[in-house]
Colleague: 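Below you will find the structure I want to go over with you.
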There are 2 protein chains.
Amino acid sequence: MDEKAAVGVFECLSSGVRLGVFRLLVKAEPAGIVAGDIASALDIAPSSLSFHLRTMTQAGLLRVEQEGRFLRYRANLVLMTEVVGFLTENCCSGVAGGCRDGDLLSGRFPGCGSSNPVRESKA
Amino acid sequence: MDEKAAVGVFECLSSGVRLGVFRLLVKAEPAGIVAGDIASALDIAPSSLSFHLRTMTQAGLLRVEQEGRFLRYRANLVLMTEVVGFLTENCCSGVAGGCRDGDLLSGRFPGCGSSNPVRESKA
DNA sequence: ACGATATTTCAACAAATTTGGAAATGTTGA
DNA sequence: TCAACATTTCCAAATTTGTTGAAATATCGT
């Protein structure tokens, strides 16, 4: 997962509405939910929901499948797994071990890669 | 971590600039980087960077410390750990086990909580 | 074929975000 | 005290995002 894809996903999750949609769809796995039902469950205007659904689908976060005159949406858990991977690898310290164990932080970091000379002050 | 806090963090990460700042600071742990150096490393106008830095600090993603006339920023790894937790708990399927193992998906979900009656079609 | 339904697309608009320059604030070293 | 510097705040402009209602598209049941 590259940075651009990650930004796309975070963009999706950075809206209360979209995060709500996604959480709803995660709970609804693997059945998925039809657009109209998402709209009524979350009380969003169909037109507005459609806008968010398209955004999320383009980002790869959702999968759609036509079902008669309904469109059934499902959460893409594979992508979300990759996002968690991206976060732990790139955003939870470069130190090996990831950030699952709490003692990682606020403790002492031996050399921290030796690539970070502490600059006291420039001028 | 509640939904509102999570949205705040995702908002921060939903900008290429801010994600770049955060990744840079994660690599620079635990030394942190002074504002001016972030600006030159990422080639952002100081005024613009300051705007993003404030946003991220308010969201709790960054920690600041004054150092003479410099301001040293550091990534808040604790919060990021919580975000990963939020994601695995709320966005990687309600099924116990989280989303660390790949076979979670695309497989069969026994009953999926029995709370998801598949609706064939409403009308 | 027809009317009802599900969803999307479109256009217009309101609201929020982002940017960069200029000025303000505060710190340093002499 | 003063000049240089780091950073922020303020402000205006450009861009992006989100919402709404109306119209379009497509499918269903009869």
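Lettering of chains follows the sequences in order, A, B, ..., and the numbering in each one begins at 1.
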Colleague: Are more than 12 heavy atoms, taken from residues, nucleotides or ligands other than B:D43, located less than 6.0 Å from that residue's CG atom?
Modeller: no
Colleague: Looking at B:H52, I'd like to know whether one of its side-chain N or O atoms comes within less than 4.0 Å of OP1 or OP2 on C:dT17.
Modeller: no
Colleague: Give the rounded distance in Å between these two atoms: CG of B:L53 and P of D:dT9.
Modeller: 11 Å
Colleague: Between A:Q66 (CD) and C:dT8 (P), how many Å, whole number?
Modeller: 10 Å
Colleague: Rounded to whole angstrom units, what separation is found between the CD atom of B:E67 and the P atom of C:dT28?
Modeller: 11 Å
Colleague: From the set D:dT7, C:dT8, D:dT27, return the single nucleotide nearest to any side-chain atom of A:S50.
Modeller: C:dT8
Colleague: In this structure, would A:V17 and A:L25 fall into the same cluster of hydrophobic residues linked by side-chain contacts under 4.5 Å?
Modeller: yes
Colleague: Rounded to the nearest Å, what distance is computed from the CD1 atom of residue B:I44 to the P atom of nucleotide D:dT7?
Modeller: 13 Å
Colleague: Report the residue (A:G68 or A:R18) whose heavy-atom-nearest nucleotide on DNA chain D is the more 5′ of the two.
Modeller: A:R18
Colleague: A:L49 CG to C:dT9 C1': how many Å, rounded?
Modeller: 14 Å
Colleague: Rounded to the nearest Å, what distance is computed from the CE atom of residue A:M56 to the P atom of nucleotide D:dG18?
Modeller: 12 Å
Colleague: Nearest to the A:R69 side chain among C:dT7, C:dA4, D:dT9, which nucleotide is it?
Modeller: C:dA4
Colleague: Starting at atom CZ of B:F70, determine the distance to atom C1' of C:dG26, rounded to an integer number of angstrom.
Modeller: 13 Å
Colleague: Please answer whether the main-chain N or O of A:A31 pairs with a side-chain N or O of A:R74 as donor and acceptor at a distance below 3.5 Å.
Modeller: yes
Colleague: Using the side-chain hydrogen bond (donor to acceptor under 3.5 Å, both in side chains) definition, which of the options A:E65, A:Q66, A:E67 pairs with A:R72?
Modeller: A:E67
Colleague: Ignoring the backbone of B:R54, work out which of C:dT8, D:dT9, D:dT20 is nearest its side chain.
Modeller: D:dT9
Colleague: What integer distance in Å separates B:F51:CZ from D:dC11:C1'?
Modeller: 14 Å
Colleague: At less than 3.5 Å, do the side-chain atoms of B:S48 and the base atoms of C:dG20 form a donor-acceptor pair?
Modeller: no
Colleague: Please check the phosphate of D:dT8 (OP1 and OP2 only) for any side-chain N or O of B:Y73 closer than 4.0 Å.
Modeller: yes
Colleague: Taking the side chain of B:S15 as its heavy atoms from C-beta onward, which of C:dA6, D:dT8, C:dT18 lies nearest to it?
Modeller: C:dT18
Colleague: Do B:F22 and B:L62 come within less than 4.5 Å of each other through their side chains, counting heavy atoms only?
Modeller: yes
Colleague: With hydrogens left out and only the distance checked, is there a donor-acceptor pair under 3.5 Å joining A:S47's side chain and the base of C:dT9?
Modeller: yes
